[in-house]
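Take a look at the structure below.
Letters A, B, ... are given to chains in the order of the sequence lines, protein chains preceding strands, and every chain is numbered from 1.
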Amino acid sequence: MQNIEVAWIFNELADLIELKEDDFFKTRAYRQAARTLAHLEQPLEELSRRGQLSKIPGIGRAIESKIKEILETGTLKKHQELLREIPPGVLEIKQLPSIGPKRARALMQELGVTNLQDLEDAVKDRRVRKLKGFSAKLEWDILNGIEMVRNRQGRTRLSVAREMAEELTSFISLLPGVKAVETAGSTRRWKETVGDLDIIAGAENPEILLAALASHPRVKEVINKGDNRIEVMTWWGIAVDLSVVTPAEFIPAWHRATGSKTHYLILQEIAKYKGLKLNHRGIETQEGKVVDLTSEADIYRSLGMEYIPPELRENRGEIEAATGQGLPKIISGEDIKGDLHIHTTWSDSAMEIKDVVNKCLEKGYSYAAITDHSRSLKVANGLELERVLEQHQLIRQMNTSLKDFTLLTGVEMDILPDGSMDFPDELLEQTDVVIASVHTGFRQSKQDLTKRFTRAMENPNVDIIAHMTGRVLGRRESYELDVEALIEMAAKTDTVLEINASPDRLDLNEEHTRMAKEAGAKLAINTDAHDVRRLDEMVYGLSVARRAWLAPGDVINTLEINDLREVLS
DNA sequence: AAACCGGGGTTTATAGGTTGCCAAACCTA
């Protein structure tokens, strides 16, 4: 049982209680506990064994015994009982935009609506608008929300897919007779969401692997099973497709399963043109001789081209480049010198400043910026002016005792609904990293929102615009924004655009990132981390950058500290 | 339900804006 799974049960418990009886304090207690558990670094199993659960703030006797119950049995009785009273469909309804516990409860009690389909029918019959607290406009919002949910169905965020992939491949690698096992498909190509998880294994006896996966604790049910292939559904809602091939065929099969489909089709055509045959068994010459393949690079070499990393295999010019003048140098993990968007306990994060420093040193960074929320963002405990000054003074002081590492002062400042900045220029001028972003007034017109960002960019003290389009994958569409105009403006005003690395956001997305590069705007890849583990999410931001063909020179946090200071000044 | 102070009972209430109604529900990290 992973911490996040335990946290998820408490979150759902909070939702259920909110729907049932609206006990504010109980709901809040569960929700805070869920949040705390999700942010923990150590596994709950370990903390429980050492009797340290109740030492966690926000975990008292009742929640402690519930955690133990979950760890021992895998489920929570109270949670199961409530789920019998309140169908899971109601929870889905509550997740819709503009629907909270009160409206979800009204729909259930007044109309007997307990799932999304019922709700859609009720809206189409115009029964919903008649309820107290609802309206025709709200019916419209509901339909849009249902559509968004349906669109995301079957798609999983990359981070979930990759975690699952890591767990399952390391499990499979330990099975008898396994010579190789790797993740393929869009997960390996680092697409922002994936349909299902493709795993390829090389082994002589497929049955052992198929049976082992079928009975793995993460697996909920077997969808399909053949002689050397199995498709299963996991508890995490992502389907896994495992193919077992002979060890000799592993490399070509893995390569084909990685895709993308069009990339592979073109490679096959090139092979044919060269008198070769490329398929999942390998490369054959016209005379029927099999080309020896010890790596994917051998495949590309045989076709007369440079090795193409998985992130680029989308038929967006990579084949031409790899055949001709060569692929450009693309940014990679070693290029990143620091993280410029990090929150601490001063606002709404679980990290102390010293935790940030330690983790960043561990990651080999040479700098980091502390950028807590500004005063207007009350929900996130945004810092008042005096507290920012106090924090910055502390940071400067801490910085003097650090060797080969620079701690930068910063803020993530709200661009207020009227377009003004949340902090005065006098403060911004003496702050190393000024990030500006929007957290309120999402539903303003395209024109107004675009103007708000433009005003921020025009302020010479603003260095970076964070998560500009505001999308949250599967939960919230980006706001109405003239992204192209803003990218132009960023280039013109030397404002850096952030690629927010959080796998929930990935904002800018890869398309906008490409546009930014073309327009000559500079980018920064930041985690926006609120706990220590999420400082590791830099890889997801990097994947966006790589898929957009960014070079190290396009990204400011590849610079050495002195050059970075130059850019920020 | 947790945390607190005292050893069981009390306190806790993100805040401010938006929506689309004329109040309450919802939303934001």
Distance, P atom - from B:dT18 to B:dA13, rounded to whole angstrom:
25 Å
Roughly how many Å is it from CZ in A:R61 to C1' in B:dC4, rounded to a whole number?
15 Å
Can you list every pair that meets ring-ring contact (aromatic ring centres under 6.0 Å, His included) and has a residue in residues 446-469 of chain A, with sequence neighbours left out?
A:H439-A:H467
Just how far, in rounded Å, is C1' of B:dA3 from CD1 of A:I59?
13 Å
A:D504 CG to B:dT28 P: how many Å, rounded?
13 Å
So does A:D141 pair up with A:R443, basic N to acidic O under 4.0 Å?
yes
In whole Å, what is the span from the CZ atom of A:R471 to the P atom of B:dA29?
15 Å
The side chain of A:H373 is closest to which nucleotide in this list: B:dA2, B:dA29, B:dC26?
B:dA29
Under-4.0 Å side-chain N/O to phosphate OP1/OP2 contact, A:K26 with B:dA1:
yes
If you pin A:K78 and A:H439 to their nearest nucleotides in DNA chain B, which one's is more 5'?
A:K78
How many angstroms lie between atom OG1 of A:T495 and atom CG of A:D463, to the nearest 0.5 angstrom?
8.5 Å
Round to the nearest Å and state the distance from A:E64 atom CD to B:dA2 atom P.
9 Å
Which helical stems does DNA chain B take part in, if a stem means at least 3 consecutive Watson-Crick or G-U pairs with both distances below 3.5 Å?
B:1-5 with B:8-12, B:14-19 with B:24-29
Check for a donor-acceptor pair, side chain of A:R162 on one end and backbone N or O of A:T187 on the other, with a separation under 3.5 Å.
yes
Residues that A:F134 engages under ring pair (Phe, Tyr, Trp, His ring centres under 6.0 Å), provided they are two or more places apart
none
Less than 4.0 angstrom from a charged side-chain N to a carboxylate O is my criterion; do A:E120 and A:K124 meet it?
yes
Taking only the C1' atom of each, what is the distance from B:dG8 to B:dT14 in whole angstrom?
29 Å
Side-chain donor/acceptor pairs under 3.5 Å, residues 32-40 of chain A, sequence neighbours excluded:
| unit_1 | atom_1 | unit_2 | atom_2 | d |
| --- | --- | --- | --- | --- |
| A:R35 | NH2 | A:D348 | O | 3.0 |
| A:T36 | OG1 | A:Q32 | O | 2.8 |
| A:H39 | ND1 | A:D531 | OD2 | 2.3 |

For A:V434, is there any backbone N or O sitting under 3.5 Å from a side-chain donor or acceptor partner on A:T431?
no
Is the backbone N or O of A:N500 less than 3.5 Å from a side-chain atom of A:R505, with the two atoms forming a donor-acceptor pair by type?
no
When you measure from the side chain of A:R534 to the backbone of A:S502, do you find a donor-acceptor pair of N or O atoms at a distance under 3.5 Å?
no
DNA chain B nearest-nucleotide lookup for A:V379 and A:E412: closer to the 5′ end is A:V379
Taking only nitrogen or oxygen atoms into account, show me every contact under 3.5 Å that the protein makes with nucleotides 7-10 of chain B, one pair per line with its distance.
none

Whole-angstrom distance between B:dA29 and B:dA23, as gauged at atom P
30 Å
Output yes if the stacking criterion (under 5.5 Å between centres, under 30° between planes) is met for A:F442 over the base of B:dT28, else no.
no
Please determine if a side-chain N or O atom of A:R476 lies less than 4.0 Å away from the OP1 or OP2 oxygen of B:dA29.
yes
A:R471 side chain to A:D507 backbone, donor-acceptor under 3.5 Å
no
Between B:dG7 and B:dA1, how many Å separate the two P atoms, rounded to a whole number?
24 Å
List the steps and the verdict of salt bridge (Lys or Arg N to Asp or Glu O under 4.0 Å) for A:K378 and A:E384.
CA-CA 10 Å; A:K378 307 288 184 190; A:E384 293 295 335; 3.4 Å; yes
Mark yes or no for whether A:E498, through its side chain, and A:I464, through its backbone, hold a donor-acceptor pair below 3.5 Å.
no
Mind checking the CZ-CD1 spacing from A:R61 to A:I63? Nearest 0.5 Å is all I need.
13.0 Å
Please answer whether the main-chain N or O of A:M413 pairs with a side-chain N or O of A:H373 as donor and acceptor at a distance below 3.5 Å.
no
From the candidates B:dA2, B:dT14, B:dA29, the one with an atom nearest any side-chain atom of A:F24 is B:dT14
B:dA29 C1' sits how many Å from A:D422 CG, rounded?
14 Å
Rounded to the nearest 0.5 Å, the NE2 atom of A:H512 sits from the OG1 atom of A:T469 at a distance of 6.5 Å
C1'-based separation of B:dG16 from B:dT11 [nearest Å]:
24 Å
Separation between the C1' atoms of B:dT28 and B:dC22, rounded to whole Å
24 Å
Ordered by number, residues from residues 341-360 of chain A within less than 4.0 Å of DNA chain B (heavy atoms) are A:D348
With the criterion being N/O to N/O and under 3.5 Å, what pairs connect the protein with nucleotides 18-21 of chain B, and how long is each?
| unit_1 | atom_1 | unit_2 | atom_2 | d |
| --- | --- | --- | --- | --- |
| B:dG20 | OP1 | A:K137 | NZ | 2.9 |
| B:dC21 | OP1 | A:S135 | OG | 3.1 |

Quick one: A:I435 CD1 to B:dA29 P, roughly how many Å, whole number?
15 Å
Could you check whether A:D432 pairs with A:R565 (Lys NZ or Arg NE/NH1/NH2 to Asp/Glu carboxylate O, under 4.0 Å)?
yes
Any side-chain to backbone donor/acceptor pair from A:D422 onto A:S376? Under 3.5 Å, distance only.
yes
Got a sec? Which of residues 28-37 of chain A come in under 4.0 Å of DNA chain B, heavy atoms?
A:R28, A:A29, A:Y30, A:R35
Spacing of the P atoms in B:dA15 and B:dC21 (rounded, Å)
28 Å
From CG of A:L416 over to P of B:dA15, roughly how many Å is that when rounded to an integer?
18 Å
Checking A:K446 now: which residues fulfil salt bridge (charged side-chain N to carboxylate O under 4.0 Å, His left out) with it, not counting sequence neighbours?
none
A:R129 backbone acceptor or donor facing A:E139 side chain under 3.5 Å:
yes
Residues of residues 90-101 of chain A with a heavy atom under 4.0 Å from any atom of DNA chain B, listed by number, are A:L96, A:P97, A:S98, A:I99, A:G100, A:P101
Can you name the residues that form a salt bridge (charged side-chain N to carboxylate O under 4.0 Å, His left out) with A:R127, not counting sequence neighbours?
A:D125
What's A:G133 touching, base or sugar-phosphate or nothing? Going by heavy atoms closer than 4.0 Å.
nothing
Okay, side chain of A:S374, backbone of A:D414: is any donor-acceptor separation there less than 3.5 Å?
yes
Please report the distance separating the C1' of B:dG20 from the corresponding atom of B:dA25, rounded so that it comes out in whole Å.
11 Å
So if I take residues 8-17 of chain A and measure heavy-atom distances to DNA chain B, which residues fall below 4.0 Å?
none
Using a strict threshold of under 4.0 Å (side-chain N to carboxylate O), is an ion pair present between A:R455 and A:E458?
no
B:dA24 phosphate, OP1 or OP2, under 4.0 Å from A:K132 side-chain N/O:
no
